[in-house]
Amino acid sequence: MATASREQVQVRVELPAARIVLNRPEKRNALSLALMQELIGVLEEVGSNPDVRAIVIEGAGPAFSAGHDLGEMVDRDAAFYEQLFDVCTVMMETIHRVPQPVIAKVHGIATAAGCQLVAACDLAVAAEGTRFATPGVKIGLFCSTPMVPVSRAIGRKRALELLLTGEPIDAETARDWGLVNRVVPTDDLEQAVVALVDRLASSSPLTVRIGKEAFYEQIELDESGAYELTRGVMASNAQAADAQEGMGAFLEKRAPTWSGR
């Protein structure tokens, strides 16, 4: 196990996963500008490691993340706000760009940009009792950037209810709405995440990378455009060594041996 510490983010490489820990527990892991910049660098670093098969993002202390750090947002100039939300956008987009599946391991609360972070992750597992909200409307700062991945995850009417009322939803509702994949007892959260990582790591890393990239490319296209893209992806994928190995192994009723090619 390799561990690296930044000021506000910790990283542990525990193959086949890399664990990224938001490390501002006293601030409920508020997403300061510095934390987001660190997180972008860490995602790029572990994303470039071919031995890492999944990335887990979690929060230290009693919460996953309470969103942006309001303490650094009062009485700032326009340039600061532009930089803050530019960096936040890059952070969310980096989650989609790295080749490995990114899993949010969520407990406590995930609010505002913290809820955005959950929605941006490829997969999410939440502990029972976790609460999710986009409460910016209550303080005069509408959760406009959180709206982007949240609305894509849960649909218009549900997203607007969260955004316009600012009221929280519980973990079971978040699962039913599609914000998280599953909800487990708090004591089982780590075990559930490990089991999900192991399932992801059992597939060809090449195939997972191809599939994740194609998913985000096709999801915003119309049906015709999506088929135009994905038929080419499948034709190319079918020629890969891992695809030939996987199909052969299935026909021969044996376990495949992945080469990553």
Side-chain angles (χ1 to χ4, degrees), residues 8-9 21-40 57-93 95 102 104-121 124-181 183 186 189:
Q8 300 186 19
V9 173
V21 182
L22 311 179
N23 192 36
R24 301 185 74 202
E26 75 288 353
K27 296 288 189 180
R28 299 295 190 269
N29 299 315
L31 301 176
S32 66
L33 179 59
L35 185 150
M36 293 190 294
Q37 290 169 329
E38 287 185 19
L39 184 52
I40 292 168
I57 299 178
E58 55 193 286
F64 178 75
S65 175
H68 286 300
D69 187 346
L70 299 182
E72 69 175 12
M73 293 178 64
V74 176
D75 293 328
R76 305 303 292 262
D77 59 21
F80 176 83
Y81 296 126
E82 291 286 347
Q83 181 187 22
L84 182 71
F85 297 116
D86 284 349
V87 169
C88 181
T89 298
V90 171
M91 179 181 70
M92 303 299 173
E93 292 176 339
I95 289 171
V102 180
K105 177 185 175 184
V106 196
H107 74 291
I109 60 168
T111 56
C115 188
Q116 178 185 3
L117 181 56
V118 173
C121 286
V125 182
E128 291 175 350
T130 306
R131 291 165 71 80
F132 302 82
T134 52
V137 69
K138 294 185 174 184
I139 63 167
L141 183 62
F142 199 82
C143 286
S144 297
T145 49
M147 174 168 60
V148 176
V150 171
S151 63
R152 284 158 172 74
I154 68 178
R156 295 186 182 190
K157 292 292 191 293
R158 289 166 171 169
L160 281 167
E161 181 177 343
L162 277 179
L163 292 159
L164 293 173
T165 69
E167 293 298 315
I169 58 172
D170 60 23
E172 288 74 18
T173 301
R175 177 190 58 207
D176 292 343
W177 286 9
L179 185 59
V180 302
N181 296 88
V183 177
T186 300
L189 182 59

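As a basis for the values below, the full set of heavy atoms in this structure was taken, side chains included, without hydrogen atoms, waters or symmetry mates.
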Contact check, side chains of Gln116 and Cys88, non-hydrogen atoms, under 4.5 Å:
yes

Determine whether Ile154 and Phe132 make a side-chain contact, defined as any pair of heavy atoms from C-beta on separated by less than 4.5 Å.
no

What one should report as the nearest heavy-atom pair of Ala110 and Cys115 is O-CB, 3.4 Å

Could you note down all residue pairs passing side chain to side chain donor-acceptor pair (under 3.5 Å) where residues 77-86 supplies at least one of them, sequence neighbours left out?
none

Considering all heavy atoms of both residues, which atom of Leu39 and which atom of Val9 are nearest to each other, and what is their separation?
N-CG2, 4.2 Å

What distance separates Leu35 CG from Lys27 NZ, expressed to the nearest 0.5 Å?
13.0 Å

Can you find a heavy atom in the side chain of Gln8 that is under 4.5 Å from one in the side chain of Ser32?
yes

Table please: side-chain donor-acceptor pairs of residues 62-69 below 3.5 Å, with sequence neighbours left out.
unit_1	atom_1	unit_2	atom_2	d
Ser65	OG	Asn29	O	2.9
Ser65	OG	Gly67	N	3.2
Asp69	OD1	Gly71	N	3.0
Asp69	OD2	Arg24	NH1	3.0
Asp69	OD2	Arg24	NH2	3.1

Given the rule in the side chain to side chain contact (heavy atoms under 4.5 Å, CB included) test, do Val137 and Thr165 qualify, once you have shown the distances and angles that lead to the verdict?
CA-CA 7 Å; Val137 69; Thr165 69; over 6 Å; no

Student check: side-chain heavy atoms of Trp177 and Glu161 closer than 4.5 Å:
yes

Looking only at non-hydrogen atoms, find the nearest pair between Phe85 and Met73 and report the distance.
CZ-CE, 3.8 Å

Mind listing the closest non-hydrogen atom pair of Leu33 and Glu72 along with its distance?
N-OE2, 2.8 Å

Quick one: does any side-chain atom of Asn181 pair with a main-chain N or O of Val125 as donor and acceptor, under 3.5 Å?
no

Answer whether the closest heavy-atom distance between the side chains of Leu31 and Leu22 falls below 4.5 Å.
yes

Is a side-chain donor or acceptor of Glu128 paired with a backbone partner of Ala171 at a separation under 3.5 angstrom?
no

Backbone N/O of Ala126 and side chain of Thr130: donor-acceptor pair under 3.5 Å
no

Under the side chain to side chain donor-acceptor pair (under 3.5 Å) test, residues paired with Asp176 that sit two or more places apart:
none

Tell me, please, which residues at least two apart from Arg76 pass side chain to side chain donor-acceptor pair (under 3.5 Å).
none

Listed once per pair and sorted, the side chain to side chain donor-acceptor pair (under 3.5 Å) pairs that draw on residues 135-148, sequence neighbours left out:
Lys138-Glu167

Give a yes or no answer on whether the side chain of Thr134 reaches the backbone of Leu162 with a donor-acceptor pair at less than 3.5 Å.
yes

Checking Thr173 side chain against Ile169 main chain: does a donor-acceptor pair fall under 3.5 Å?
no

Are the side chains of Ile40 and Val87 in contact, using a 4.5 Å heavy-atom criterion?
yes

How many angstroms lie between atom CE of Met91 and atom CD of Glu93, to the nearest 0.5 angstrom?
11.0 Å

For Glu58, check salt bridge (charged side-chain N to carboxylate O under 4.0 Å, His left out) against everything at least two apart and list the hits.
Arg19, Lys105

Between Ile57 and Leu117, the two heavy atoms sitting closest are CG2-CD2, 4.4 Å

Looking at every non-hydrogen atom in both residues, tell me the closest pair between Pro135 and Thr111 and how far apart they are.
CD-CB, 4.3 Å

